[in-house]
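Hydrogens, waters and symmetry mates are skipped; everything else that's a heavy atom, side chains included, is used. In each ligand, atom 1 is the first atom listed, and ligand 1 is the first ligand listed. We number each residue from 1, following the sequence as shown.
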Amino acid sequence: MRDVMLSGLRVGALGLGCMNLTTSYGPVDRDQALAVLRDAFDGGVRFWDTADVYALGDNERLLGEFLATVPRDEVVLATKFGGVRDPETGRPLGVRGDPAYVREACEASLRRLGTDHIDLYYQHLPDPAVPIEETVGAMAELVDEGKVRCIGLSNLGTDQLRAAHGEHPIAAVQNEWNLFYRKVESALVPACAELGIAFVPYSPLGRGVLTGATITTTELDAEDERRMFPRFAPQHARHNAALLGPVHRLAEAHGATPAQIALAWLVQRSEVHGLTVVPIPGTRHPARVKENVAALDLRLGQDDLDAVEGIAGQVSGERLPELPPELRHFMPEIV
Ligand SMILES: NC(=O)c1ccc[n+]([C@@H]2O[C@H](COP(=O)([O-])OP(=O)(O)OC[C@H]3O[C@@H](n4cnc5c(N)ncnc54)[C@H](OP(=O)(O)O)[C@@H]3O)[C@@H](O)[C@H]2O)c1
C-alpha cells in the first residue's frame, strides 16, 4: 500500500475503522474480530481507529488484546474521548472537554489499550461548554508528556478547527465524508487543505449503504446502532439504494465492487481538493479488508466522477439520530 504521512506518522493510504469489531453494528465473535485485526496487520493496514465510547471501552480492550501480540510501534493507534455514556446502558449522557476530563479519559484509554502512548488522540466532538482552545491546550500537555503523539479533532466545524489549530498544530480532522454526505467539501475540507491538516473520513461507505447492501431498521440486529439513524428507515433505505445505479454501473465497468468505487471516489475527490486523506472503512470480514485496500488501485475517469456527482443531493432521511433536545449537541450536524 502507498505510504501516506500524517504529521510524522506513517499511516498508509487506508486505515481500519474498528468500531464495528465490537457491538456497534450488532454482535461480533471475538475470534472473528481478532482475525480481522490480524489480517489487516498482515496486509499492511495498520492505522487503526477506535474510541473510548465504542462498546463502552471494550473496543479499546479488543485492540489492546491484539496489540499485546505485536511490536507496539507497528500499529498507528488512534482513539477518541469526549462522549460520555451511561456505563450500564450506553445511553449518551453528554460531552466533556474540560482539562481534568481530557487527562482522566486519556489515562483510562491507555489502560484499556495496554500501551503507554496513543499515536493520534482525537476529541470525539466539541464540548459546547468548553472553548476548544482549552480542550486542545490540555491535549497538548499530553503530547508534551509523551502520552500522545499527535492531536486530532472530530465532528467539528471550520471555525472551531481554525481556533484549535491556533492553539496547537492539529494533525487530522475526522468527520463524515462519503458519496452520500459531501457538505464538508464546502468549507472544512478546503480549510484542512489550506492548513496542511489530514482528513480522515469516517463512515466512508456510508455505514454500509454504499456497498450496495439495502440496510433497513426492520432487518438490523436489535443491538445495531444504525436502528437509531432515520436514514435506515425502510422508505429512506429503499430510496437511497435506488440512487446507487451509477455506482453499480461503474463497478461493473471497472470490474470492481460498489464499495471500491465509493473509496476510489473519495481518494480522487481529496486530490481535487489537494489534501491528504486516509479513509477508515470498517468491516467484520477479513476478505473485505483486502477488497477495500484494492480500491486504492482503481482510477476513475472524469466521466465516471460526473456520473456520481449528483447523488449526495438526492439522499433521503436524516444522517444523524434524533436525540432529545438536551442531547442534541451530542451529534451535531456539522458543515
Ligand atoms: N468520529 C466519529 O464520530 C465516527 C462516527 C462513525 C464512525 N467512525 C469511525 O469510522 C469507521 C468506519 O465507519 P463505519 O463503520 O460507521 O462505516 P463504513 O466504514 O462506512 O461502513 C461499514 C459497513 O460497511 C460494510 N463493509 C465494509 N467493507 C465492505 C465491503 N468491501 N463490502 C461490503 N460491505 C463492506 C461493513 O459490513 P461488515 O462488517 O459486514 O463487513 C459495515 O457494515 C468506524 O469503524 C469508526 O472507527 C467515527
Legend entry - Evaluation steps, side-chain hydrogen bond (donor to acceptor under 3.5 Å, both in side chains), between Glu223 and Thr23: CA-CA 7 Å; Glu223 288 180 46; Thr23 51; 5.0 Å; no
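Closest approach of His124 to Gly83, counting heavy atoms only: CB-N, 4.4 Å. Heavy-atom minimum distance, Leu120 versus Leu6: CD2-CD2, 4.4 Å. Nearest heavy-atom pair, Ala13 versus Leu296, reported as atom, atom and distance to 0.1 Å: CB-CD1, 3.8 Å. Shortest non-hydrogen contact noted between Asp52 and Ser109 is CB-OG, 3.8 Å. Nearest heavy-atom pair, Asp127 versus Arg96, reported as atom, atom and distance to 0.1 Å: OD2-CA, 3.3 Å.
The contact shell of ligand 1, taken as protein residues with any non-hydrogen atom closer than 4.0 angstrom, comprises Gly17, Cys18, Met19, Asn20, Tyr25, Asp49, Tyr54, Lys80, His124, Ser154, Asn155, Gln174, Tyr202, Ser203, Pro204, Leu205, Gly206, Arg207, Gly208, Thr211, Arg226, Ala259, Ile280, Pro281, Gly282, Thr283, Arg284, His285, Arg288, Glu291, Asn292.
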